[in-house]
Amino acid sequence: TLAPETTAQDAAKLMQRYGYEGFPVMDKGKVVGLLTRRAVDRAINHKLNLPAASLMDAGDIFVHPDDSVQHLQVRMTDSGWGQIPVVDPQSGKIIGIVTRTDLLKTLSLKPALSTRQSLSEKLENSLSPGNLAIIKAIADEASLLHLPVYIVGGFVRDLILDSPTLDFDIVVEGDAIALAGSLVDKHGGKLTSHTRFGTAKWFLEEVTLGQPKSNAVTGMNMPKFVDLISSRQEFYEHPSALPTVERGSIKLDLHRRDFTINTLAIRLDGHHYGELHDYFGGLADLERKFVRVLHSLSFIDDPTRMLRAVRYEQRYGFTIEPRTLQLMDEARSLMMRLSSERLRHELDLVLDEPRVAAMFTRLDELGLLKAILDVLPWNMTLHETLDSALNQSLPREWELKSPATGIPIKCILGYLIWLVSLPFSDIDKVHSRLRLPAAIYKTLVASNRLLMDLPGLKGSKPSPWIIRLEDVPMLAIYAVYLLKGEPALQEYATRWRTIYPVTDGYALRKRGLAPGPVYQRILSDLRAAWVDGDINSKEQEVALLEKLLKK
């Protein structure tokens, strides 16, 4: 709401920030008028920075929550107001607003979708006993505190698609930290919170839910923690900026999301349990198998959404609807403004998908790979290799390990296969753009150099291969093997690298040989003889050692 003294310029900033067409004007706690965008625009066009009291449509027009839709229609028609404040009859405070759009929705001939029972049943059937117990505890406590609480986003989407996920987001229309505190007081566990963002994390160790205790859900049946988030809204100061966040309603919270299919919410508290909230046509787009942005500036606000659009399209076999494709085409150049960290995070998510190759092919078709960096490669060979490599189990005999703590090995392997064939100068360009973690970059460089050296090693005995591969990370060798199919690389990984002579440094010292570089030369020669098949027994090794010592 606005005060009567709010200037036209200040009102314009608020209208631009939040997208509202009108604000109620309040004086001493009472509605005294409505300031519309049209009035503000006219004042600014005439270079008049007048106060709201001079520009507003004056009047004490409002409705109560229990008034009929017909009464609302009369108030709108008589006043000409497109936004009518809703006032609590006891406190006299504004508790909401209804618009012409809200009224028009009630006139639709399409019957309201009755989903409460079906979604509550889906919810009960899809959640594990532990997760369901947590949901029920949150719902009960929220009901006691008169706080609307929702499961939102991807969980609801996948639930409706009959492919429910384990992770879920809980959004509280109110104080999420207070709700989490009440849950800890009643059920135990620990709490961390961020007041600035209105978020809380409820850690579930030592939490017991259900009675009697012998039948209670505890420990391993439950997740380690649950995030509770106060509903909020956001706006962007400039394209690709991180958003500024403020508290808001559940509808505004859902509006800040990327696509309509991710704006669905299931309310949990009290008699609302299982109610589907669909403000932006997400259910219809799920039925039509459409990926659709919420508004025309969505990709300008956050260009990473273009990568996400492709992920959802390919993951679910959907189609990016035509207008969204047009908006992607117009915003494609903004990919250059994204930070390395945000870009790499989205690419990591792509590499974690089963249909990763199809996603990269689609990104290439839409010009998004070149928009990230013009040297990023893609072709059908990469498509086939990446699809095969990332959707099969890693061979145990290779004993592959991730070179970077906390990064899945298949994600790193995906980067290696995708980028290894680039010239070294282009690999450095990619590294500069994406800021690859040091361990990934080092492994990529090692695999690139091995790929360049491969032609010179072909046809060699095993010993030159061992010398060349000795210090190369196994994951780098595996990536080159997947691309080139060189049998010697597999032989090294599964057999040659485990072959060593019986003789060691202690044995050489016993023979009176002074420690030094000569140790390495002798042991390497002995190992090469074993690998190349020149010796096949301990006796033959001893004989060869005598010859080497004489040298």
So which pairs with a foot in residues 81-100 pass side chain to side chain donor-acceptor pair (under 3.5 Å), sequence neighbours left out?
T99-D102
Tell me, yes or no, whether the heavy-atom count around Q326 atom CD, taken from other residues, nucleotides or ligands under 6.0 Å, exceeds 12.
yes
Taking all heavy atoms of L334 and all of I300, pick out the closest pair and write down the distance.
CD1-CA, 3.7 Å
Above 12 or not: heavy atoms from other molecules or residues under 6.0 Å from CZ of R323?
yes
Compute the ring centroids of F225 and W202, then answer whether they are less than 6.0 Å apart.
no
Identify each donor-acceptor pair in which a side-chain atom of residues 347-354 lies under 3.5 Å from a protein atom, sequence neighbours left out, and give them as a table.
unit_1: D348; atom_1: OD1; unit_2: Y415; atom_2: OH; d: 2.7
unit_1: E353; atom_1: OE1; unit_2: R315; atom_2: NE; d: 3.3
unit_1: E353; atom_1: OE2; unit_2: R315; atom_2: NE; d: 3.2
unit_1: E353; atom_1: OE2; unit_2: R315; atom_2: NH2; d: 2.6

Look only at the side chain of R305 and the backbone of S298, and say whether a donor-acceptor pair between them is shorter than 3.5 Å.
yes
So, are R342 and D302 salt-bridged, with charged N and O less than 4.0 Å apart?
yes
Going by heavy atoms in the side chains, are D329 and R332 under 4.5 Å from each other?
yes
Do the rings of W418 and F360 sit parallel, tilted or perpendicular, given the 30° and 60° boundaries?
tilted
Excluding sequence neighbours, so at least two apart, what forms salt bridge (Lys or Arg N to Asp or Glu O under 4.0 Å) with D374?
none
Donor-acceptor side-chain pairing of T7 and D10 below 3.5 angstrom
yes
Any sub-3.5 Å donor-acceptor pair from N49's side-chain atoms to A8's backbone N or O?
yes
Please determine, by modelled atom types, if Y316 and R157 share a side-chain donor-acceptor pair under 3.5 angstrom.
yes
One thing to verify: whether K30 and D27 come together as a salt bridge, which I'm taking to mean a side-chain N less than 4.0 angstrom from a carboxylate O.
no
Beyond-backbone contact of I229 with I170, side-chain heavy atoms, under 4.5 angstrom
no
Whether the S340 and R344 side chains hold a donor-acceptor pair (N or O, under 3.5 Å, no angle test) is what I'd like checked.
no
Going by atom types alone, do E124 and Y273 pair a side-chain donor with an acceptor below 3.5 Å?
yes
What orientation do H194 and F197 show, parallel under 30°, tilted 30 to 60°, or perpendicular over 60°?
perpendicular
Does this structure show an ion pair linking E321 with R288, if we count only N-O contacts that are shorter than 4.0 Å?
no
Carefully, step by step, assess H295 and H255 under the rule ring-ring contact (aromatic ring centres under 6.0 Å, His included).
CA-CA 9 Å; H295 55 85; H255 188 261; 5.6 Å; yes
